[in-house]
Colleague: 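Provided herewith is a single structure, encoded as structure tokens, for subsequent inquiry.
Basis for what follows: all heavy atoms, side chains included, without hydrogens, waters or symmetry-related copies. Chain letters run A, B, ... following the sequence lines, proteins first, then strands; residues in each count from 1.
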Amino acid sequence: MCAITAPSSSSTAAGPPPGTAAVELHGITKRFPGVVANHDIDITVRRGTVHALVGENGAGKSTLMKILYGMQKPDEGTITLDGEPVTFHSPADAIGRGIGMVHQHFMLADNLTVLENTVLGSEKLHGIGDGARTKIMELSAAYGLGIRPDVLVEDLGVADRQRVEILKVLYRGARTLILDEPTAVLVPQEVDALFDNLRGLKAEGLTVLFISHKLGEVLAVADDITVIRRGTTVASVKPADVTSKQLAELMVGSELPTPETRESTVTDVPMLRVSGLHLSAVDADGVPREVLDRISFTIHKGEVLGIAGVEGNGQSELVEAVMGLRDPDGGSIVLDGADISHAATRTRREGGIGYIPEDRQRHGLLLEAPLWENRILGHTTERPNSRGALLDTSAARKDTRRIVEEYDVRTPGIDVTAASLSGGNQQKLIVGREMSHRPKLLIAAHPTRGVDVGAQAEIWEQIREARREGLAVLLISADLDELIGLSDTLRVMYRGRLVADADPAAITPEELGSAMTGAASGHLEDGPADGATGGATGGATGGAATDTDDGQGGGRTR
Amino acid sequence: MKRLDRDKLITAVGAPVLAVLAALVLTSLIILISGKDPFRAYQVMIEFGTTDRSAVYIVNKSTMFFLSALAVAIGFRMNLFNIGVDGQYRIAAFFAAAVGGALSLPGLIQIPLIILVAMGVGAIWAGIAGVLRTTRGVSEVITTIMLNSIAGAVIGYYLTAGRLGEKDGNLTHTPNIPESSHIFMFGTSVGDINGFVVFAVLAGFLYWFVLNRTRFGFDLRSVGRSETAAAASGVDVKRMIVTSMVLSGAVAGLVGMPTLLGESYNYGTDFPLGVGFTGIAIALLGRNHPVGIALGALLWAFLERTGTQLEFEGYDQKIVEVIKGIIVLCVVIAYEVVRRWALRDQQRRVGEELARAGSNDKAEVGA
């Protein structure tokens, strides 16, 4: 499968004439259902620089990089490397031309050593023995990677694994490295170390293409920045010329949607009361762990309770426990006066819980089924989908047409499969479906993740409207502006516990971000006066620009 | 809407036509290579296969195939691979025959009783695999195929004189069921059509109705499409796995009934074998749709019938086995090709919508 050819030394050794761009993408257009299409992309990457590509989730950054790496073929447009037009049919072609990619999710074999992982698939280059070891140590020394070739990958931390991925790419002779959201998995100190590595690569004349949506990091490390929005490049700027505020505006466009909801609709009627919820589970290493520890909270009618936290701190488990997908070991869950602690998922759904799952493709949709069947999913027993034990297909189809219309799901019809819709439209269908049953409680896990700006604003509006009518919402989000803007109450989750609470009117994303790393607990007081305005007013950084602050990157627990 | 209807038609008709054409070309080549005239072979098959006597044979044979494929298809719709239909129908027919042979009640009571025993035994046998899958995580592929052997061993143990069998010449079989328990027949001048065909048609209709028109069927299909999404939607996935295995086994229990109630009247060492595996091929052919399965079953019976005749005409009888294999391969490939084409076409049209919206964005961004 891996037809990797050794890069011909002549092509790299000859060297391009100085001043030629290392990579030039011109007029790239890719129509690809399921993600935002790329169109009319123009990027020029100078050799020996760190070039950042920024944009929101779903703006089309990853698709673009897949095109450059030969994983996707563009429908239109040209790719030029060192002044020479190229066409890639596969990643092997791209590797042959000195392009290497470090994926967001590492692709390493845990049970092999660093050396073995590095040579895997490229045994022809320097063999698998001393030749390879010499080469690896050379690269490690040249770029300051600090590689220990004989350690098993499973014993390495995240940052070290990432360095092994970079090493793998360099080992294959890459002169241009693509890093897809490399900081998403790192804590702040590791981010700094990574940036030192990147500067080292740059100093050796290598080119780095760096994808991110964390503006602070981008401004810190990049020489050039290209902003991509809704599948197209909208600006190329130098970090010295812009502030992170301006960059955020470029990313989301001028009409900044804000998730803000200020007039309170909170009532004193409790809708969901969770007390002392406890769940332990055995993790991947076979060690039992408390995933939920003494979780207690109450959501009232008309209230949005936002849960902040670095992913993997128990939010998913909390949602699954409330949905009945996991059976808690202790504690109780009471919905509108009825104890549902151990009720079946269907009972809970019928009892009025709406669910916008974190992973819509795995938990919210039947991808190969037509839209109207997806409209039935999760509400099989409810009108208009069924009467008694029988399905009412014509009513379900009619109602699907209504949802498509009202929620602006862009589709040629209701008989197409869910898989052929774009992510945003899939999400709109799910929101429409869940809202159509007038839930008492809505569980919204990352409701606007990977959704374009327009759809995002619509989804926020839907949640706000339902909240006005007395809906209780449990909101989980990694988008701090979304959390602050939509929530009436904020709680911070850390290692399976609710460690802090905050008033969304008074807190900034920066303060929230540091609480998420476990640095603060109890009630979070108003921060220093100079920092207090930015996020709370939903101002320039807007709801859409996720993770735009510097303080939020860290605290990943592993 | 019109457009989608056309799509549906192409997928429904295009694939089988494509498959049959490809299969014809390939088998012709193979017969040619073996040094014989393919067109003569087809002529023999069509002439012999369309005689009245053959028609009766084909209908009777396909009843069994149809039921077997239906049992397999229930599993397929759940993403379960019930390879054990073979063991399920045999052990079901065996115990049904034993019960039927031991009693002599009026037919109106005893026939339903025999059928219920068969369905119950089949359901239990398949249910074992379902329970093992949900409680111990053992793949149903492994358990059902092993249960096939166990079924054979159990039958072998009880089917001896002195236990549940009696000796009859070279054969051992269960006591004959009383005449009152023989199923009704549609008599024709060239032979009888087994009345069980009525039950088969009924089973096919129920299968379609339950899967496509009831809440239960929707839940079952959603588990087949995505276990995670089904669980989040409120389906008890584990229970659904057991339920569908039990249903599959119950239908498998019917497979041996036409033979038992209308032909052999006992379960002996000569009871038909391997029908469960035929069912897998036919379920694939028919795309788990009852009409498709019915056509597939008829085709299969036709091939079995005409294969013997080919031998008289100097062709190797095994050529029919080759044809069967080629047809299954062609059908599976053709369906996949057409399915991908339809999906791409659909995605292209959705993509066009997106691109239209996209170009608006560009204009707006540029402004």
Colleague: Output the option from Asp359(A), Thr29(A), Thr345(A) having the highest count of non-hydrogen pairs under 4.5 Å with chain B.
Modeller: Thr345(A)
Colleague: Counting only non-hydrogen atoms closer than 4.5 Å, does Thr417(A) touch chain B with its backbone (N, CA, C, O), its side chain (CB onward), both, or neither?
Modeller: both
Colleague: Within a radius of less than 6.0 Å around CD of Glu368(A), do more than 12 heavy atoms belonging to other residues, nucleotides or ligands occur?
Modeller: no
Colleague: With a strict 4.5 Å heavy-atom criterion, list every residue of residues 71-85 of chain B that contacts chain A, or say none.
Modeller: none
Colleague: Output every pair passing ring pair (Phe, Tyr, Trp, His ring centres under 6.0 Å) with a member in residues 360-382 of chain A, not counting sequence neighbours, ordered by first then second residue.
Modeller: His379(A)-His437(A)
Colleague: Picking from Met323(A), Arg348(A), Glu373(A), which has the most non-hydrogen pairs under 4.5 angstrom with chain B?
Modeller: Glu373(A)
Colleague: Need one label for Thr381(A): side chain, backbone, both or neither, based on atoms under 4.5 Å from any heavy atom in chain B.
Modeller: both
Colleague: Does the side chain of Leu377(A) come within less than 4.5 Å of Arg225(B)'s, by heavy atoms?
Modeller: no
Colleague: Counting only heavy atoms not in His26(A), do more than 12 fall under 6.0 Å of its NE2?
Modeller: no
Colleague: Which atoms of Arg349(A) come close to chain B, meaning under 4.5 Å heavy atom to heavy atom: side chain ones, backbone ones, both, or neither?
Modeller: side chain
Colleague: Just checking heavy atoms, which of residues 226-237 of chain B are less than 4.5 Å from chain A?
Modeller: Ser226(B), Thr228(B), Ala229(B), Ala231(B), Ala232(B), Ser233(B), Gly234(B), Val235(B)
Colleague: Could you tell me which portion of Glu320(A) (side chain, backbone, both or neither) has an atom closer than 4.5 angstrom to a non-hydrogen atom of chain B?
Modeller: neither
Colleague: Taking CZ in Arg239(B) as the centre, count heavy atoms belonging to other residues, nucleotides or ligands within less than 6.0 Å. Is the count above 12?
Modeller: no
Colleague: What residues of residues 207-218 of chain B make heavy-atom contacts with chain A at a cutoff under 4.5 angstrom?
Modeller: Phe209(B), Asn212(B), Arg213(B), Thr214(B), Arg215(B), Phe218(B)
Colleague: Please classify the contact between Ile376(A) and chain B as side chain, backbone, both or neither, with a heavy-atom cut-off of under 4.5 Å.
Modeller: both
Colleague: Checking heavy atoms, do the side chain of Thr393(A), its backbone, both or neither come under 4.5 Å from chain B?
Modeller: side chain
Colleague: Would you mind checking which part of Ala369(A) comes under 4.5 Å of any heavy atom in chain B, side chain (CB onward), backbone (N, CA, C, O), both or neither?
Modeller: both
